[in-house]
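Encoded as structure tokens, the structure appears first; notes follow it.
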Amino acid sequence: MSAEALYIGIDLGTSGARAAVIDAAGTLHATAKSAMADHGGDHRDPQIWWAAVRSALAAALGMVEARAVRALAVDGTSGTMVGLGADGAVIGTGLMYNDPCPDPAILDAIARHAPPTSAAHGPTSGAARAVLLSRRGAVRMAHQADWIASRLCGAWVSDANNALKTGYDPVAARWPDWLAAAGVDLRTLPPVVEPGTVTGRVTPAAAAAFGLPPDCRVVAGTTDGCASFLATGAEAAGDGVTALGTTLTVKLLSDRPIFAPEYGIYSHRFLGRWLAGGASNSGGAALLAHFTAAQMADLSPRIDPDQDTGLDFYPLPAPGERFPIADPALPSRTIPRPADDARFLHALFEGIAGIEALAYRRLAELGAPALTSVRTVGGGAANPVWTRLRARRLGVAMPAPRSDEAAFGTALLALRGAA
Ligand SMILES: Nc1ncnc2c1ncn2[C@@H]1O[C@H](COP(=O)(O)OP(=O)(O)O)[C@@H](O)[C@H]1O
Ligand SMILES: O=C(CO)[C@H](O)[C@H](O)COP(=O)(O)O
């Protein structure tokens, strides 16, 4: 009897790689992770990304029947890029998703030529990274997920989600002409397909290294943010997902795209629909500026989430906000600080809940479907007091996510692609 078919998702996050193995019913069979710090630690070095992926993938495959794997897909941090030479070898280190462009002239050119709705605007523009990589001598560039997938299947191809912040137009489904006018050499940009499209099969070398079957398919992946959304099980227009990690990100499944750079809002084309949303600088880092995780756990039971403090905070880890208010100078507002620490934490939770509610409101004002549910992932999701407080403000159902692992979402993408 042949072994049950399996599908693998590989997630490359900020600090390391994870792999998740599922079957055709979406049941999880194995997960494994590997920290970049265990491989030398330079999170900009693509060889470190690959070492972390290799180790997580090998560990996950060690727990299952590797020869039963039918397909795999990769997600990566959105906007992280690497330059490649004529021989396909990596040139230098990667440019990370949050590395600001050091040359204002590049950003000016993008600002002049990109349509106002493009996701390529701003100091961390992916299009600016493409120009910087060309200056380093790159003749091709790859997003982080594309490059990892290319290690496994040899193809140079990207997906519409990873390409979005580099300037890809997901509505027209092409690299737009304005990129050339802004200084990007279009020949250096990879071909782009929809996430979930089969892009090839594993190379003989990858099959041998990991014990995969030679006909194992490689499926175009996505960004870590979109993968996290898919993992939660949210699937209807109006379903929202909030990630309460270091930052606060909000995504809403929509039947139409919403682009509003003036509020930091962009939309990913995703499985025939749109994932509209953005990322706020508020979130866990703004909490850690005042309390440790242990202190938050100790203080939270003293907070009554059904009462309001009457304080109006906008907690940020440093001045500057991206979404739902885009203002690079927006100051953090956490005064007057109550003498009681539990009351202070209560007001911080309320402030972040207010930003989250404003984020969903903005999306609705701009034409997104009405919010019907919010699933939550990230470190803050485990705090029941905060969840209750948020539920009062959001006023919608807050179902538990099916999974909060981006790798699981990417495994679902591999499954869809192979079906
Ligand atoms: N008890 C708690 N209540 C609320 N938030 C918490 C608690 N413990 C930790 N956090 C927050 O969780 C965040 C980490 O979440 P995580 O999803 O691991 O972040 P990352 O974005 O780095 O993956 C921290 O920034 C911290 O503020
Ligand atoms: O900050 C990030 C790094 O973990 C994420 O990549 C980003 O917030 C998600 O972006 P996208 O909405 O394009 O998936």
Side-chain angles (χ1 to χ4, degrees), residues 11-18 33 35 43 75-81 96-99 119-120 122 124-126 143-145 158-166 168 170 195 221-231 241-252 258-259 264-270 274-303 305 315 317 322-323 342 345-346 348-350 352-353 359 376-390 401 404-406 409-410:
D11 163 55
L12 204 53
T14 313
S15 57
R18 286 177 187 263
K33 61 181 173 181
H43 71 294
D75 75 74
T77 50
S78 177
T80 297
M81 291 166 81
M96 304 305 292
Y97 65 92
N98 55 355
D99 284 340
T124 56
S125 164
H143 303 96
Q144 188 179 45
S158 189
D159 64 85
N161 300 154
N162 276 296
L164 183 75
K165 292 171 187 169
T166 314
Y168 183 75
T222 181
T223 63
D224 56 349
C226 293
S228 293
F229 187 99
L230 187 59
V241 171
T242 298
L244 291 174
T246 302
T247 59
L248 162 72
T249 70
V250 158
K251 286 194 192 297
L252 177 71
I258 314 280
F259 295 102
I265 293 173
Y266 56 86
S267 292
H268 280 293
R269 178 85 181 144
F270 201 66
W274 296 91
L275 271 184
S280 164
N281 288 343
S282 188
L287 294 171
L288 291 177
H290 304 283
F291 295 108
T292 63
Q295 287 171 325
M296 286 186 245
D298 285 349
L299 291 168
S300 291
R302 287 179 43 210
I303 294 172
R322 297 174 288 171
F323 163 75
L345 182 61
H346 188 172
L348 293 171
F349 283 162
E350 280 177 346
I352 299 173
T376 313
V377 298
N383 186 322
V385 170
W386 198 8
T387 305
R388 166 73 196 143
L389 189 155
R390 292 170 50 230
D404 66 356
E405 291 280 359
T410 301

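Atoms within a ligand are numbered from 1 in the order they appear, just like the ligands themselves.
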Subset of ligand 1 atoms that lie under 4.0 Å from at least one heavy atom of Ala285: 25 (O)

Parallel, tilted or perpendicular, as decided by the 30° and 60° cut-offs, for the rings of Phe259 and Trp274: perpendicular

Identity and distance of the protein heavy atom lying nearest atom 14 (O) of ligand 2: Thr223 OG1, 2.6 Å

Closest non-hydrogen atom pair between Asn383 and Phe349, with its separation: ND2-CZ, 3.5 Å

Where ligand 1 meets Gly380 - atom numbers and elements under 4.0 angstrom, heavy-atom basis: 5 (N), 12 (O)

Distance filter under 4.0 Å to Gly225 heavy atoms, resulting ligand 2 atoms: 14 (O)

Where Ala145 and Gly76 come nearest, the two heavy atoms and their spacing: CB-N, 3.6 Å

Atom 10 (O) of ligand 2: nearest protein contact (heavy atom, Å): Lys165 NZ, 3.1 Å

Proximity to ligand 2 by part of Thr14, non-hydrogen separation under 4.0 Å: side chain

Atom 9 (C) of ligand 1 - nearest protein heavy atom and its distance: Ala293 CB, 3.8 Å

Enumerated ligand 2 atoms positioned under 4.0 Å from heavy atoms of His268: 11 (P), 12 (O), 13 (O), 14 (O)

Contact atoms of ligand 1, heavy-atom distance to Gly378 under 4.0 Å: 17 (O)

Atom 8 (O) of ligand 2: nearest protein contact (heavy atom, Å): Thr249 CG2, 4.1 Å

Any donor-acceptor pair under 3.5 Å from Thr242 side chain to Val250 backbone: no

Check: Thr246 side chain, Ala285 main-chain N or O, donor-acceptor pair, under 3.5 Å: no

Which residue and heavy atom of the protein sit nearest atom 2 (C) of ligand 2, plus the separation: Tyr97 CE1, 3.8 Å

Under 4.0 Å to a heavy atom of Lys251 - the qualifying atoms of ligand 2, by number: 11 (P), 12 (O), 14 (O)

Nitrogen or oxygen of Gly284 less than 3.5 angstrom from that of ligand 1: yes

Salt bridge (charged side-chain N to carboxylate O under 4.0 Å, His left out): pairs with one or both residues in residues 274-302, sequence neighbours excluded: Arg302-Asp340

Side-chain donor/acceptor of Thr77 to backbone N/O of Thr14, under 3.5 Å: no

Distance (rounded to the nearest 0.5 Å) between Met81 CE and Asp99 CG: 12.0 Å

Closest heavy-atom pair and its distance - Ala163, His143: CA-CE1, 3.7 Å

Minimum-distance protein heavy atom relative to atom 6 (O) of ligand 2: Asp224 OD1, 2.6 Å

Ligand 1 to Asn383 polar contact by distance, N or O atoms, under 3.5 Å: yes

For atom 6 (C) of ligand 1, closest protein heavy-atom neighbour: Met296 SD, 3.8 Å

Option of least heavy-atom distance to atom 20 (P) of ligand 1 (set: Thr246, Leu288, Thr14): Thr246

Under 4.0 Å to a heavy atom of Gly379 - the qualifying atoms of ligand 1, by number: 12 (O), 15 (O), 16 (P), 17 (O)

Heavy-atom pair with the smallest gap, counting every atom of Cys226 and Leu275: SG-CD1, 3.9 Å

Residue, atom name and distance, where the atom is the protein heavy atom closest to atom 13 (O) of ligand 2: Ser78 OG, 2.6 Å

Residue pair Ala120 / Thr166: nearest heavy atoms and the distance that separates them: CB-C, 4.3 Å

Test item: Thr376 and Thr387 side chains (from C-beta on) under 4.5 Å apart, heavy atoms: no

Heavy atom of protein inside 4.0 Å of atom 23 (O) of ligand 1, strictly below: no

Donor-acceptor contact below 3.5 Å, side chain Asn162 vs main chain Asp159: no

Atom indices of ligand 2, in the order listed, that fall short of 4.0 Å to a heavy atom of Cys226: 14 (O)

